[in-house]
Structure formats: structure tokens, C-alpha cells
S.K.: 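Quick one: the structure is below, and I'll ask about it shortly.
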There are 2 protein chains.
Amino acid sequence: MAERARATIATIAREAGVSVPTVSKVLNNRGDVAPQTRRRVEDLLVKHRYRRRTATRTTRTGLIDLVFVDLHGQWSAEVLRGVEEATQRADVGVVVSAVKGQEARPHGHWLRRIMARGSDGLLLVLSDLSPDQRSQLADVGMPVVLVDPVGVPDAEIASVGATNWRGGMAATQHLIELGHSRIAVIGGPPAYLCSRARLDGYRSALERAGLTVPAEYVRQGDFLSASGHRETMALLDLDEPPTAIFACADQMAMGVYEALFDRGLRVPQDVSVVGFDDLAQTRWAVPPLTTVRQPLTEMAAVATRMLLQLVAGEELDSTRLELTTDLVRRSSTAPPGAAAPPEPAAGEAAEEPGAPVGA
Amino acid sequence: MAERARATIATIAREAGVSVPTVSKVLNNRGDVAPQTRRRVEDLLVKHRYRRRTATRTTRTGLIDLVFVDLHGQWSAEVLRGVEEATQRADVGVVVSAVKGQEARPHGHWLRRIMARGSDGLLLVLSDLSPDQRSQLADVGMPVVLVDPVGVPDAEIASVGATNWRGGMAATQHLIELGHSRIAVIGGPPAYLCSRARLDGYRSALERAGLTVPAEYVRQGDFLSASGHRETMALLDLDEPPTAIFACADQMAMGVYEALFDRGLRVPQDVSVVGFDDLAQTRWAVPPLTTVRQPLTEMAAVATRMLLQLVAGEELDSTRLELTTDLVRRSSTAPPGAAAPPEPAAGEAAEEPGAPVGA
DNA sequence: TTGTATGCGTTATCAT
DNA sequence: ATGATAACGCATACAA
């Protein structure tokens, strides 16, 4: 059996009994091929381990894919807005899809679909790619940009995030400056890098201020409000409950509010609360939430522009960008110990309109 | 100038100096045509008013288009979720785009783009189609479903809405039943049909109860929170300010909250508030907002299923569907002049349509 | 028939 | 030169 130096399109074409262009069409997902023929050729391509000689520049479909891992309310909406903004002028359509949290890992049928349909590029939000998926994408030369990736950003893959560590630090420092020393934190899933970074920022701020962190002050949530509620309850049951809580996501902060409310504690007089994200709804919360703004819309817009550059075959200046986070001071933080009746009974004392009323 | 019985592909082909198949490819958005050629042929097709002889069964692209008129936060997010849900199993991609409010009317370049790219169908949210656009779509046989259309739903075009009139009625009746007689309303843009319907529901409920509506009690907003704030301020400045306000959109209700807050008035002790939509965030508001639930997610899902039916060439049972609205009783409504606070809503009690409002 | 759609090869062209 | 793609037409299949 002769050693083939390298399988070329012509080899495949001869063996499949078709012309060279036909094989090319199969390779490029062109429509001009009968399903039968296509399958036959595809099989041969696999059999011969065919690889393109040159950096493939596939035909544009004019579509990019935006894939969310779970379509969660406000958060996704802001990302979508950013993507829209960035594609407004370019002539590309945005195909939005959501994969269920679990589906993300396994076979990634979603990726197969996208690749079969043909897409110029992929924006993946709050997720990550398996090595297998990466090589699939690399094979067809489909560029990817990750928005707020879960894991350690691979230097190979472009990604956009926020300065989570600095944000966590800023939130905590703000509380320290107000005079708090019993500051608890409710983090997100530890698998999420952004979550870890915020937590580390919290730790660093406390250490730098010479404060120690009791282990029970570091709670683990899942970014959703229920976990904020649950962990706050646990915190309030401690012998020395905190005077301030840093929730690593606004959604969780809403749960914190609720729990404090249930216990008849006022924000910020009894407990100060800081969130993270700056979702629109936190402005309407009572009291308006002090939080760390994460420029989701802009992050998405930047990621999209990066992707469009890659699609156009241009080089990126940097494969990793982190946009800055900012502390937004509203009304949920105040110096500790303004007044502290821990457990008022059902009797209600509505004093100032500024204070939410414990029941 | 000779009268041609009917322009055929062959006519066009001859005139354009290409073969018949090439024209066919242009018609079907196939890729095998040079941009120059394509444009030349397209121009001729328009010039000759070319029409397919046969009921065109275009090749599926596996894509549908979801077009928002302005991408507004939570609202769009819920719609998107519904669409995702409905397409999850079907093998179709959802191309999401947003047109700026003004762009919607004029030439609709966005529609050209979509048609050029090729789409199996169109979901249009909170908007309407010009007659011109309708005929364009009809020409290529692209089905459309409108979600919550702005104007009078054309019987020809499939659309999904909510029972806005009933919702407006229910909200108002609820307030009447609580004992309110000075009930104001803040409506949306009068051009929006859904807005008018809610307002009419409000009027009917009051009339039915034998109450008269002072003209100053009917305010016009734009569905955004700022307008809710502004109109509430105006209402409070009246000689006889209302004891209850029905805001025709949750966003506006948040503005109402804010204005009442600014004036040192409590919800619901001093003024009751009812919203419309039931956005997720209203559960976190303090107090949780009594509102009319509009099943946005389900409306979108239903609309999508209708569209997929049309794409599949099936007939619809009905071209117009209205999903039901439900009053969700939370804690922002109480009898007028009530001294007692509402029952504490512990944890998830917020969702219950129970009765926090004692008589 | 006549009109239209599809699969695939031919030819020219582009990139290395 | 050589591998690969792009544009177009031919032949044919299918529809009314």
C-alpha cells in the first residue's frame, strides 16, 4: 500500500467519483451538493484525515452566533443589547440561542448545529469550551470570543471580562471606610472564575486593612436570589452576625434584602449591603442598592467587535480584555450601628419614608 | 414598448446575458452568483415585476427572524425566552435584531436585509408592517406573526396579544372593590393598541361602578418609568389627589413608587398602586407590586409555534390569539386610608395570589 | 409542453 | 506549478 504524502481534494474527488469542485463545496458547506454525494465525500474526508493546506477562509454567511448558557433575565438582556449595538452597522445577523446549563458540557450538539448551519463566528457567554469543541472550531476556522468565561481564560482564545478582583476589593473597601469590621460575603459558584476573583478581592481588602475573616463570614451562593436569602439567614444566626454583607451578584443582594426584611432588620441602618453587576432593577430597589457596576453591555459590544475583527481576518491587539468595574454608591450602605434593635416585634413603626418598614 | 404576457426567468436571463439557472439561483438566494451579476439580475426582476408562476416553496434556511422595535430591558428578555423555548426542539435558529423606533416606519432597510439573507419567517414585536412591507413579504411567501402589534391587527396577518382590556378592567375593579373611588390611571402611548385597550378597561370598570372619571385623572405616559414619576407628581398636585393609581406598565409603576416616595407617601397605606406586565423585578420591589400579569413568555412561545406552523405550510386555526391576563395581588394595594400594614410576605409568598389585603 | 429548481462539471482565477 | 475556490452553464428532474 502506497504511502500518500498528503490527501488532497483531488484524491478524494477521484475516489468519490466526483469532480474537484464538488469536494470543495462539501468542505465549505455549500448547498450545491446532493445529500448522498455529500455524505460519501464527508466519509472519505474523514477516512483520509483530510486537512486543508491553507488557512481556510470560509465563505461568509453573514451570521454570528450568540450562545447563552441559560437565558437569565436582565443579565442576558444587557449582553444582547451590547451585541446588537455592535452589529447594528455591520451587515451581520445575530443568531441567539440558549443551552441549558447541563447541556453545555456534554456532546455539545448545539455546536454541531451551528457548524452545520454555518456561522461566521461564535460569542459564548458565561461558559467555556471543551478542548474537543475548541479543536472542532479550529478545524473549520470559526473564530470565538468568550464573554465573561467561566474558567481560566485560555490565552489562545479571545475573551472579555471585567476587573472582578478590583470590584470585589472596591466593594469591601467601601464598607471598611464606612467603619465596618464585621463584613461578610456571599460568593457565587466557585467554578466561576469571576466569582473567585470577587471573593479574593474581598479577602485582600480585609487583609490589607488588618482585619481577619472568620470562616463563617464567607458563604457560597449561586448568583440567584434564593441563595442570597438562605446565606443571609445563616449569617444572622451567627453569634456575631455581620454588620455588612457583600453579595457577589445583584440578584443575590435582592435575596439578602428579603432575608433582612424577614428578620425585621433595616437596610442600611442595621445591615449594609453591597451588590455586584448594577442591573437596572437595583435602582428601583428600596433602598437603591450600592453595587459594583459591571459594564455588561459594553463588554458584549467589545467582544462583538473583537469577533467581527477575527471574522474579517484581522489580528487582535489583545486576546484578553478586562473592562473596568466601578463602585456605584447608592443608599444601601451606611456606617455601622446607627441604631440597632435586632428583633422588633410585629408592631410596626413607620417613621421616615426613607426606611423600609419591617413587619 | 411591447407588452409581455408575463416575464419569465428566460426573459430575464436573456436580457441579463446569463443562463436560466443563474437567474433561478438569484431568485433562491443561492450562493453561486457573483455579486455584480446578482444585482443586475435583481434589478431586472424588479423592473419586469417578475412573479413566480408556481406557489413558491423556497428552500428553508432554518432561520427565523425576531425583530424588536427597541430592545427594552426585561420586557424583551421575556419575549426572547419564550421564542427560545419554542424553537428549542425545532431545528431553527433565531436571528434577533432591533430596529430603532423611528427606523421602523421608513424604508425598512432591515426588511430588505432579512429578505436578502433569507429567512423562513418573521416575528415582529410591538410593531406593525406597512402595506408595502406586507406585499414584499407576501411576494416571497415569507410568513409573519406579530407579537402584541401596535395597531389594529389586520385579519390577514397572524398576531398574538393579551386581553389588555380585561386586564385594565380587572386592575380597576380590584381597586374599586377595595373601596377606592378616586382612581387615576397612567396610560401608555395612545398609538399603541394595547395601551388604549387597558385604558378603556379602566374606564369601563369605573363606569360600571357608577363612578365618574375626572379628566385630570387620566394621564398619558410612555411606558417608561420617568413618565410614571412625572405624571404621579402631577396627580399629587391636584386639589383632590387620587387614592389609587393604575399604571399601565410595571416600568411606569416603578416611577410611581419613586414619586410617592419623594413625597413621603407610603404604598399602600397612602396610595395604592397597580401595574401591568408582571415583570420579574416587580416581585422585588418594596412593597411587592400588585399587577396584571401579561404572559409575555408564553405569548412569544405561542407566536413562535404559529410561525413554525406557517413555515411548515400548515394552516392556522386562528390568525389572532389573545392570551389571558391575570391580576396578581401583592402588597401595593389596600383599602383607602388603611392604617394597618399588609401582612408580611415571607419569602416566596410574593407569588401567591392569596390575600395580603385585609378588609 | 413550458417554467423552474437542483446537482455537478467546466473554466477561469486566486493564493501559495 | 499546484491546491483550492468562485462563477456560471449544462443536463436533468420535477411541476403545472
Side-chain angles (χ1 to χ4, degrees), chain A residues 3-62 118 120 138-142 311-315, chain B residues 4-46 48-62 115-116 118 120 139-142 311 313:
Chain A
E3 269 278 328
R4 292 173 213 86
R6 182 204 240 124
T8 150
I9 271 194
T11 329
I12 312 283
R14 207 178 324 120
E15 196 159 338
V18 296
S19 72
V20 166
T22 300
V23 177
S24 172
K25 284 167 187 171
V26 171
L27 275 169
N28 294 291
N29 262 317
R30 294 320 224 44
D32 255 9
V33 185
Q36 276 194 357
T37 314
R38 162 158 282 152
R39 195 168 295 274
R40 197 167 70 243
V41 171
E42 273 174 344
D43 288 348
L44 285 170
L45 284 170
V46 171
K47 183 165 294 170
H48 286 272
R49 279 164 187 59
Y50 173 81
R51 302 226 113 187
R52 285 174 163 83
R53 191 188 52 165
T54 150
T56 172
R57 194 185 295 171
T58 315
T59 325
R60 307 277 154 73
T61 57
D120 290 348
D139 280 1
V140 298
M142 190 188 299
V311 170
E314 297 168 32
E315 287 287 315
Chain B
R4 291 170 212 85
R6 183 202 241 123
T8 150
I9 272 194
T11 329
I12 311 284
R14 208 177 324 117
E15 197 158 338
V18 296
S19 72
V20 167
T22 300
V23 177
S24 173
K25 283 166 186 172
V26 171
L27 275 169
N28 293 292
N29 267 314
R30 295 319 223 45
D32 254 10
V33 185
Q36 275 193 358
T37 314
R38 162 158 280 151
R39 194 169 296 273
R40 197 167 69 244
V41 171
E42 274 174 344
D43 288 349
L44 285 170
L45 285 170
V46 171
H48 287 273
R49 278 166 190 59
Y50 172 81
R51 303 219 116 190
R52 285 173 162 85
R53 191 188 53 165
T54 151
T56 173
R57 195 185 293 169
T58 316
T59 324
R60 306 276 155 72
T61 57
M115 291 177 53
D120 291 348
D139 281 0
V140 298
M142 191 188 300
V311 170

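Residue numbers begin at 1 in each chain, while the letters A, B, ... track the order of the sequences. What you see is a predicted model, and the numbers here were worked out from it, not measured in a lab. Below, each value reflects all heavy atoms present in this structure, side chains not excepted, and no hydrogens, waters or symmetry copies.
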S.K.: Using atom CD of A:Q36 as one end and atom C1' of C:dT6 as the other, report the distance to the nearest whole Å.
M.R.: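 Atom CD in A:Q36 sits about 14 Å away from atom C1' in C:dT6.
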S.K.: Toward the 5' end of DNA chain C, which comes first, A:A34 or B:V20, by nearest nucleotide?
M.R.: B:V20
S.K.: Any side-chain N or O of A:S19 less than 4.0 Å from the OP1 or OP2 oxygen of C:dC8?
M.R.: no
S.K.: Measure from the side-chain heavy atoms of B:P35 and tell me the nearest of D:dG3, C:dG7, D:dA7.
M.R.: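 Nearest to the side-chain atoms of B:P35, counting from C-beta on, is D:dA7.
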S.K.: Give a yes/no answer on whether the side chain of B:Y50 brings an N or O atom under 4.0 Å of OP1 or OP2 in C:dG3.
M.R.: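 It does not, given that no N or O in the side chain of B:Y50 lies less than 4.0 Å from OP1 or OP2 of C:dG3.
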S.K.: Measure from the side-chain heavy atoms of B:T22 and tell me the nearest of D:dC8, C:dA5, C:dC8.
M.R.: D:dC8
S.K.: Does a side-chain N or O of B:T37 approach OP1 or OP2 of D:dC8 to a distance below 4.0 Å, or not?
M.R.: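 For B:T37, the contact criterion (side-chain N or O under 4.0 Å from OP1 or OP2 of D:dC8) is met.
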S.K.: What pair of heavy atoms forms the shortest contact from B:L27 to B:Y50, and how long is it?
M.R.: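 Heavy atoms of B:L27 and B:Y50 come nearest at CD1-CE2, 3.6 Å.
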S.K.: Could you tell me the separation between the CD1 atom of A:I12 and the C1' atom of D:dG3, rounded to a whole number of Å?
M.R.: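 Taking CD1 of A:I12 and C1' of D:dG3, I get 13 Å after rounding.
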S.K.: Ignoring hydrogens and geometry beyond distance, is the side chain of A:K25 in donor-acceptor contact with the base of C:dG7 at under 3.5 Å?
M.R.: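 When only heavy-atom distances are counted, A:K25 does not reach the base of C:dG7 through any donor-acceptor pair under 3.5 Å.
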S.K.: What is the minimum heavy-atom distance between A:D32 and A:K25, and which atoms define it?
M.R.: CB-CD, 3.9 Å
S.K.: Taking all atoms of both residues into account, what is the closest heavy-atom pair of B:V20 and B:A10, and its distance?
M.R.: CG2-CA, 4.0 Å
S.K.: Heavy atoms only: give me the nearest B:L44-B:A16 pair and the separation to one decimal.
M.R.: CD1-CB, 3.5 Å
S.K.: Rounded to whole Å, how long is the line connecting atom CG of B:L27 with atom P of C:dG3?
M.R.: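 So the two atoms are 14 Å apart, to the nearest Å.
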S.K.: Taking atom P of D:dG3 as reference, at what distance in whole Å does atom NE2 of A:H48 sit?
M.R.: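 In whole Å, D:dG3 P lies 15 Å from A:H48 NE2.
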S.K.: Rounded at 0.5 Å granularity, tell me how far OG1 in A:T11 sits from CD in A:E15.
M.R.: 8.5 Å
S.K.: Among D:dC8, D:dG9, C:dG9, which nucleotide sits nearest the side chain of B:D32?
M.R.: D:dC8
S.K.: Among the nucleotides D:dT5, C:dG9, D:dC8, which one has an atom lying closest to any side-chain atom of A:V18?
M.R.: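 Nearest listed nucleotide: C:dG9.
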S.K.: Give a yes/no answer on whether the side chain of A:T8 brings an N or O atom under 4.0 Å of OP1 or OP2 in D:dA4.
M.R.: yes
S.K.: Measure from the side-chain heavy atoms of B:I9 and tell me the nearest of D:dA11, C:dT4, D:dC8.
M.R.: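 The answer is C:dT4.
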